[in-house]
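Have a look at the structure below, then the notes.
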There are 2 protein chains.
Amino acid sequence: MTVSDLKQIINGKYKMTRQREIVFNSMNNKPHLHFTVEDILDIVHEAHPEIGVATIYRTLQIFIQVGIVQRLDLLNRRAYYEISEQKHHHMICLSCGAIVEVTDEATEEVLNMVKRKKQVLNDFRVVDCQIYFYGYCKNCQAIR
Amino acid sequence: MTVSDLKQIINGKYKMTRQREIVFNSMNNKPHLHFTVEDILDIVHEAHPEIGVATIYRTLQIFIQVGIVQRLDLLNRRAYYEISEQKHHHMICLSCGAIVEVTDEATEEVLNMVKRKKQVLNDFRVVDCQIYFYGYCKNCQAIR
DNA sequence: GTGCGTGCAAAGTCTTTGCAAACCG
DNA sequence: CGGTTTGCAAAGACTTTGCACGCAC
């Protein structure tokens with residue numbers, strides 16, 4: 001996703017500001033995919049120390065609202081944010097907390113499985129599905 | 001699950017106290033299955049107003065550690081707790097926040113699906129899987 | 001120019017911690 | 001009786017909010 005994609009998505013609803021572009025780039029340019037607010041702040045502050053936390057939070061809310069960012073709530077009090085390009089799920093290491101992405105191939109099948117349970121479908125209209133896998137990453141397996 | 005089950009599970013590792021039994025009962029006796037700490041405190045305070053929040057938090061941590069309670073982190077800053085009798089997943093209403101249980105019939109299949117992806121398995125040893133469905137409950141569908 | 005967006009600091013919400021007293025085994 | 005556990009209040013971590021100023025459109 002590029003900055004001009006961002007502008008297109010945001011505009012109309014919100015103004016495109018310097019800060020929003022900076023936050024977007026901080027998340028978009030890094031291979032490290034899941035960011036806490038602190039992570040983002042650190043990256044942003046390297047070049048732009050004047051930007052405040054509140055701006056990060058407010059920007060993330062907007063990005064979530066327009067659908068370019070997804071928020072993860074893991075077994076942890078702090079939220080993680082990621083740019084949501086394509087559907088995927090997450091594996092969380094119970095030992096070190098590492099988060100690994102799993103590309104989506106399960107959702108469709110799971111959703112169908114749920115739909116087969118007629119009464120669930122009648123009561124609840126499902127629009128999305130998130131799967132979290134818990135286990136141990138390669139590194140932590142080696143240590144044990 | 002009964003109080004004597006609880007005693008068996010807890011003893012050895014921890015003492016069985018009046019407060020722990022009260023917290024357990026508050027969660028076990030109610031049809032309302034997902035509790036915030038505030039929910040639990042309200043129920044507990046009906047008969048035992050002297051019990052403090054810290055006790056609830058510490059008790060829940062122990063219950064989680066021994067495996068009788070599961071913590072849910074939803075799209076929301078506050079944690080939910082539930083007595084985990086049998087494996088199940090959750091549907092969350094994006095409109096009103098209602099949480100509905102979905103009995104498990106998906107996990108096995110999902111885990112197998114993941115295991116088929118050899119490289120994932122090699123890197124990560126999966127021990128559990130939680131599925132969250134997001135959508136709209138019957139009530140909120142009607143309102144719209 | 002107007003109103004949305006920002007930075008700062010203060011306030012808010014949920015959770016954890018320190019400590020003396022109380023309690024379980 | 002000795003080490004856990006509790007209740008209280010204070011501290012901590014993360015997030016939100018109020019307000020005056022600044023900037024995008």
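Note on naming: letters A, B, ... go to the chains in the order of the sequence lines (proteins, then strands), and numbering restarts at 1 for each one.
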Gap between atoms [atom1] and [atom2], on [X] and [N] respectively (whole Å):
X: B:H45; N: D:dG7; atom1: NE2; atom2: C1'; value: 10 Å
X: A:I62; N: D:dT16; atom1: CD1; atom2: C1'; value: 14 Å
X: A:D73; N: C:dT15; atom1: CG; atom2: C1'; value: 15 Å
X: B:I10; N: D:dT5; atom1: CD1; atom2: C1'; value: 12 Å
X: A:N11; N: D:dA24; atom1: CG; atom2: C1'; value: 10 Å
X: B:I56; N: C:dT13; atom1: CD1; atom2: P; value: 20 Å
X: A:E21; N: C:dG5; atom1: CD; atom2: P; value: 16 Å
X: B:D39; N: C:dC14; atom1: CG; atom2: C1'; value: 14 Å

Counting side-chain heavy atoms from C-beta on, which of [options] comes nearest to [X]?
X: A:R58; options: C:dC8, C:dG5, D:dT15; answer: C:dC8
X: B:Y57; options: C:dT15, D:dG7, C:dT6; answer: C:dT15
X: A:R78; options: C:dG5, D:dT16, D:dC14; answer: D:dC14
X: B:K15; options: C:dC24, D:dT16, C:dT6; answer: C:dC24

Could you tell me which non-hydrogen atom of [X] sits nearest to which non-hydrogen atom of [Y], and how far apart they are?
X: A:K15; Y: A:I10; value: O-CG2, 3.9 Å
X: A:S84; Y: A:G67; value: OG-O, 3.4 Å
X: B:Q141; Y: B:Y136; value: NE2-O, 2.7 Å

Can you tell me if the side-chain N/O atoms of [X] get under 4.0 Å from OP1 or OP2 in [N]?
X: B:Q19; N: D:dG7; value: yes
X: B:Q61; N: C:dT16; value: yes
X: A:T17; N: C:dG5; value: no

Exercise. At under 4.0 Å between heavy atoms, what does A:E50 touch on the DNA or RNA strands: base, sugar-phosphate, or nothing?
Worked result: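 It contacts sugar-phosphate atoms only.
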Exercise. Under the criterion side-chain contact (heavy atoms from CB on, under 4.5 Å), which of A:H89, A:M91, A:E82 is the partner of A:E101?
Worked result: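 Filter result, single survivor: A:E82.
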